[in-house]
Amino acid sequence: MPIHIRDSGDSAGEGHELKLAYFDDGNVILHSHNPDTGEGQRIVIMEDQWRSLLRSLLDVYGKEKCCFYNGKGLCLDECPDEPPAPARQ
């Protein structure tokens with residue numbers, strides 16, 4: 001059973017609806033649904049894979065795009081652009 005599910009919406013009507021299911025073993029399942037075509041996908045991302053993905057995103061787009069980056073070389077505990085995530089159980 002997932003410990004948390006987050007609905008990321010559909011990017012203001014411009015893309016797939018995304019939901020992330022987080023599990024206590026560190027794995028994540030990404031559910032994608034295209035409301036225009038009805039197409040859906042499910043991708044299982046192991047912990048080492050999502051860590052690698054985060055590193056890749058920061059390498060490609062820069063840490064300045066990361067909402068947790070405070071500009072002084074440190075990361076904030078919460079992203080000011082989003083509501084805080086619920087505490088893990």
Side-chain angles (χ1 to χ4, degrees):
M1 291 293 293
I3 58 171
H4 178 68
I5 296 176
R6 182 174 187 143
D7 184 45
S8 296
D10 70 350
S11 189
E14 297 296 321
H16 288 238
E17 298 169 348
L18 296 177
K19 288 186 182 176
L20 291 162
Y22 304 92
F23 293 82
D24 58 0
D25 60 1
N27 298 333
V28 175
I29 296 178
L30 173 65
H31 298 269
S32 171
H33 176 256
N34 184 334
D36 297 328
T37 65
E39 176 188 6
Q41 296 181 8
R42 179 176 176 245
I43 301 169
V44 177
I45 307 169
M46 309 302 275
E47 185 173 357
D48 61 326
Q49 293 171 320
W50 63 254
R51 287 179 181 270
S52 176
L53 175 63
L54 287 174
R55 284 188 196 99
S56 295
L57 288 170
L58 289 173
D59 287 345
V60 171
Y61 293 110
K63 60 187 171 192
E64 292 77 21
K65 288 242 182 203
C66 177
C67 65
F68 292 98
Y69 180 67
N70 74 356
K72 297 178 182 173
L74 301 173
C75 286
L76 303 170
D77 290 335
E78 294 181 4
C79 183
D81 299 329
E82 298 180 9
R88 289 184 83 170
Q89 298 174 354

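Computed from heavy atoms alone, side chains included, the values below leave out hydrogens, waters and symmetry copies. Not measured: the values here are computed from a predicted model.
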Are F23 and V44 grouped together when hydrophobic residues (ILVMFWY) are joined by side-chain heavy atoms under 4.5 angstrom apart? yes
Intermediate values then yes/no, side-chain contact (heavy atoms from CB on, under 4.5 Å), C66 and L58: CA-CA 7 Å; C66 177; L58 289 173; 3.7 Å; yes
Interatomic distance, CD@Q49 vs CG@L54, rounded to 0.5 Å, equals 12.0 Å
What distance do H31 atom NE2 and I43 atom CD1 have between them, rounded to the nearest 0.5 Å? 10.5 Å
Could you tell me the separation between the CZ atom of R55 and the CH2 atom of W50, rounded to the nearest 0.5 Å? 9.5 Å
In Å and rounded to the nearest 0.5 Å, what is the CZ to CD1 distance from R51 to I45? 13.5 Å
Could you walk me through whether N27 and Y22 satisfy the side-chain contact (heavy atoms from CB on, under 4.5 Å) test, starting with their C-alpha distance in whole Å, then the side-chain angles of each, then the deciding distance to 0.1 Å, before giving a yes or no? CA-CA 6 Å; N27 298 333; Y22 304 92; over 6 Å; no
So, taking the atom named OG in S32 and the one named NZ in K19, what distance separates them when rounded to the nearest 0.5 Å? 11.5 Å
Closest non-hydrogen atom pair, I29 against R42: CD1-NH2, 3.1 Å
Between C67 and C79, is the SG-SG gap under 2.5 Å? yes
Least distance between heavy atoms, F68 atom then D77 atom: CE2-O, 3.9 Å
Quick one: CG on L18 to NE2 on H33, what's the gap to the nearest 0.5 Å? 11.5 Å
Main chain of S52, side chain of S56: is a donor-acceptor contact present, judged purely on distance under 3.5 Å? yes
